[in-house]
Amino acid sequence: MASEDTIPVLKVLIIGPSGAGKSALLLRYCDDQFDPESSTATIGIDFKSKHLAVRGKAYRLNVFDTAGQERFRTLSTSYYRGAHGVILVYDISSRASFVGMEKWIDEAKQNAAPNAILYLVGSKLDKVAGGGRAVSYEEGQAFAEANGAMFCEVSAKTKENIKRPFVEVVDQIVQKPDLLAGALPRSNNTTLNIGNLGSDYSSACPC
Amino acid sequence: MESLGDEPWDVVICGTGLQQSLLALALSRSKKRILHTDPNDYYGQHEAALTLQDAERFAAKYAASSGAGDERKSVLRNAAVWKPDDAEAQGLKFPRAYSLALAPQIIHTKSKLLSNLVSSRAYRQVEFLAVGSFYVYEPAKDGSDSKLSRIPSSREDVFSSQSIPARSKRSLMKFLKFVLEFESDDQKPLWEDQADAPLTDFLTAQFKLEDDLKRYVVALTMALDGKASVRSGLAAINRHLTSMGTFGPGFCAVYPKWGGLSEVAQVACRAGAVGGGIYMLDTSATLKPSGENEKASLELSNDITVQAGSVISGQETTTGGQAISRLVAVVKSPLNSLFQVLVEGAPTPAVAVVALPSTPSPIYALVHSSDTGECPVGQCVVYLTTLATADSKHELEQALAMLVKAVEGEESTSPCLYQLYYEQAIGDRKSTTEKLGTTSALSFPPLSVTLAFEDSDLEAVKSAWSLVMGDESDEETYLVFEDREGADAEDEIYE
C-alpha cells in the first residue's frame with residue numbers, strides 16, 4: 001500500500017440547512033455511529049478522514065462539516081477552497097429544507113471550483129415508513145439533474161445507501177484529471193509546507 | 001432566533017477583522033459561550049478580500065472624505081473604484097474571479113503569527129505562497145530605459161551579483177554581517193548612541209555605502225516614510241535576512257493564497273465555529289446603557305438584545321492623524337519576469353515587492369501573480385501604498401504606469417482593467433478598555449498598515465484573551481492545541 005504521504009487527499013464538503021442531518025450522515029459514514037437523541041448543533045467536528053479505494057487506487061477522503069456556520073448562512077469563502085466535491089443535504093420529511101436547496105446550490109456553484117462535483121442527498125429516508133415523506137424521490141432527482149448534480153436518498157439511522165454518496169462523489173472526482181491534479185502531494189511548486197515550524201520539525205521534509 | 005437573546009454569552013465579539021478572529025481561534029477550545037458578529041456580509045472587515053462587487057459596495061460605504069475638525073473619523077475614507085468603459089472587452093472577467101486584498105501584508109517566516117497558526121493547528125486550512133524578489137525602480141538615464149533592479153538579499157546573492165562593483169561588494173558584505181548580529185554586545189556600541197538618527201547617514205559614516213547600495217538597504221526597511229531610523233531600520237533588515245531560508249531556499253516571507261490576511265481571519269473564525277461559537281454576519285451590534293450591577297447589553301440589528309460577560313470589538317474611527325493611500329490595480333499582463341525562480345530548489349514566488357522613489361515619501365508596490373488566486377491567469381494585481389497627501393492618488397496611478405513600463409518596456413500597452421483606491425488611517429495603535437456595569441469591554445486598534453505583518457499587533461489579541469479568560473488564563477495554553485480530527489476510521493476498500 002502506498003505510504004501516507006503519497007496518497008491523494010480529496011476534500012469533500014457537506015452543506016445544507018440546519019437539522020437536515022449533515023452530521024448524522026458524516027458520523028454514520030466515517031465512524032458508523034448514530035445517536036437518535038442528538039439533535040443539537042454540531043460542536044467540535046472540523047472534518048473526518050477516511051481511506052477508501054476506488055477503481056483499485058487508494059485515496060484519503062477528508063469530509064468537512066459546516067460547524068454550525070450554516071445556521072445563519074455564514075460559511076466563509078475559504079471553507080470552499082480546494083473542495084473537490086460538495087454534498088448538499090436536505091431532509092425528505094421537510095418541504096422547507098428542500099425548497100432551501102436552491103440557495104445552497106447557488107452558494108456552492110459560486111464558491112466552489114467550477115469543475116467540483118455536486119451531489120444532492122435526501123436524508124432521513126427511514127421516515128418514509130411512518131408516512132413522513134414530504135419530498136418525492138422524483139422531485140429530488142429532477143432538481144439534482146437540473147443542476148448537474150448526482151442524487152440519492154439515504155438514512156443515517158438504518159444505514160441505507162449511507163456509503164453511496166461518498167463513493168460516487170469520489171468515483172466522479174477521480175475521473176476528472178484536472179480536478180484530481182490538485183489532490184496529489186507536491187503537485188505544484190507554489191504552495192509551502194508551513195507545518196515545518198511545528199513540533200515535528202526534525203522529521204519533516206525540508207522542502 | 002429567540003434563543004440567542006436568552007443565552008448567557010460569556011463574550012460577544014463584534015467584527016471579524018484579523019485580531020477579533022484570532023481571538024475567536026484562541027478561545028475555540030475554551031468552554032466559553034461566544035457570539036461573533038460582523039456588520040458586513042463578508043468576513044474580515046479591514047482585512048477582507050473583496051470581489052469586484054464587494055469592492056463597489058466598499059467604495060460606496062467609505063466614499064466620504066475625512067472632513068475637517070477634530071471629531072473622530074472613519075479609519076477608511078476617500079474610497080473609489082474605476083474601470084475603463086470597455087473593461088470587459090479588454091479582458092476584465094466576472095466579479096467573483098477577483099479577490100482584492102484589503103490587507104496584503106507579507107508575513108516574514110519568523111513571524112509569531114505563523115508559529116501561532118501552527119501551534120493552534122489552524123495553518124492546515126491556509127495555503128501559503130512564497131514572497132520572491134525585492135526590486136528598486138531605476139528611472140531612465142543616459143539613454144537607457146527605466147528598469148527594475150533586483151536587490152540582492154543574501155550574501156550568496158551579493159557575491160553573484162553582476163551589477164555591484166567589487167569594492168562596493170566588500171562594504172555591503174561587511175554591513176550584512178553586522179546586521180545579522182547588530183543586537184550583540186560586540187556590535188551595539190557601533191550604533192546605540194545614534195539609534196534615532198537616520199539610517200542613511202549611518203550607512204555612509206560607518207560602512208561607506210554608495211548611493212545605489214544605500215537605496216537598496218533603505219528599500220528593504222520598507223519604512224513608509226522612507227526615513228527609517230538606525231534602530232528600526234537595522235531591526236527591519238535583520239528580520240529580512242534572518243527570515244531568509246527558514247521554510248526553504250530563496251524567500252524570507254510568505255503570503256496566504258486567495259487574499260492575504262482575509263484567509264487567516266476566515267480560517268480562525270471557522271475554528272471558532274468548530275469550537276461552538278455562533279456566527280452572524282450582516283449584523284451590527286450596538287451597546288445599550290447598562291446599570292452598575294448588570295452585564296452589558298447589545299442590541300443587534302435584527303432586533304435581538306443579547307447580554308455579554310465581555311465585549312470585544314475593533315476601533316472603526318480614529319482621531320485624525322496620518323493616513324496611507326492605497327491603490328489596488330488589476331493589470332492585464334502577468335508581469336512574469338517579476339516571478340522567476342532565482343535560487344535552485346526555491347518555490348515559484350507569487351509576490352514581488354517594488355520600491356519606487358517619490359517625494360515626499362516612497363511608493364511601494366506589492367505585485368501579486370495569478371497564483372495568489374486573486375485574479376485570472378494572464379493578469380496580475382498590484383497593491384500600491386504611500387503616505388497620504390492631497391495628490392497621492394494621482395502619484396500612485398503614475399507609479400503603476402511607470403512600474404508596468406519598467407517591466408515590459410516603454411512600448412507596453414498592458415492596460416489597467418480595474419482600480420480600487422482608498423485611504424486608511426494609521427491610528428494610535430492602542431487598545432481601549434472600559435467597564436460597562438459588570439462587563440469588561442476591549443476595542444482593538446486598527447491593524448498596522450505596514451507592508452509586512454507586525455508581530456506587535458498580536459499583543460492586543462493576547463490581552464483580550466486574558467481579559468475574557470480571567471482566572472482561567474494559563475499562558476502555556478495560549479493558542480497551543482491538538483489537531484481536531486480523530487484517528488482515521490478503519491480503512492474500507494471499495495471496488
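We name chains A, B, ... by the order of the sequence lines, and we start the count at 1 in each one.
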Side chains of [X] and [Y] in contact at under 4.5 Å (non-hydrogen atoms):
{"X": "B:Leu4", "Y": "A:Phe72", "value": "yes"}
{"X": "A:Arg81", "Y": "B:Lys257", "value": "no"}
{"X": "A:Ile45", "Y": "B:Val274", "value": "no"}

With a cut-off of 6.0 Å (strictly less than), are more than 12 heavy atoms of other residues, nucleotides or ligands near [atom1] of [X]?
{"X": "A:Gln110", "atom1": "CD", "result": "yes"}
{"X": "B:Lys112", "atom1": "NZ", "result": "no"}
{"X": "A:Lys157", "atom1": "NZ", "result": "no"}
{"X": "A:Lys103", "atom1": "NZ", "result": "no"}

Side-chain donor or acceptor of B:Tyr43 paired with backbone N/O of A:Leu75 under 3.5 Å: no
Do B:Gln266 and A:Thr77 have a side chain donor and acceptor closer than 3.5 Å? yes
Compare every heavy atom of [Y] with every heavy atom of [X], then report the nearest pair and how far apart it is.
{"X": "B:Cys269", "Y": "A:Gln69", "value": "O-NE2, 3.9 Å"}
{"X": "B:Leu281", "Y": "A:Thr74", "value": "N-CG2, 3.4 Å"}
{"X": "B:Val254", "Y": "A:Leu192", "value": "CG1-CD1, 3.4 Å"}

For B:His36, ring-ring contact (aromatic ring centres under 6.0 Å, His included) partners two or more places apart: B:Tyr279
Test of understanding: with side-chain hydrogen bond (donor to acceptor under 3.5 Å, both in side chains), list the residues that count as partners of A:Tyr80, not counting sequence neighbours. A:Glu107
Region of [X] in contact with chain A, defined by heavy-atom distances below 4.5 Å:
{"X": "B:Phe251", "result": "side chain"}
{"X": "B:Ile278", "result": "side chain"}
{"X": "B:Ala130", "result": "both"}

Among B:Arg29, B:Arg124, B:Arg270, B:Arg121, find the residue that satisfies the salt bridge (charged side-chain N to carboxylate O under 4.0 Å, His left out) test when tested with A:Asp46. B:Arg270
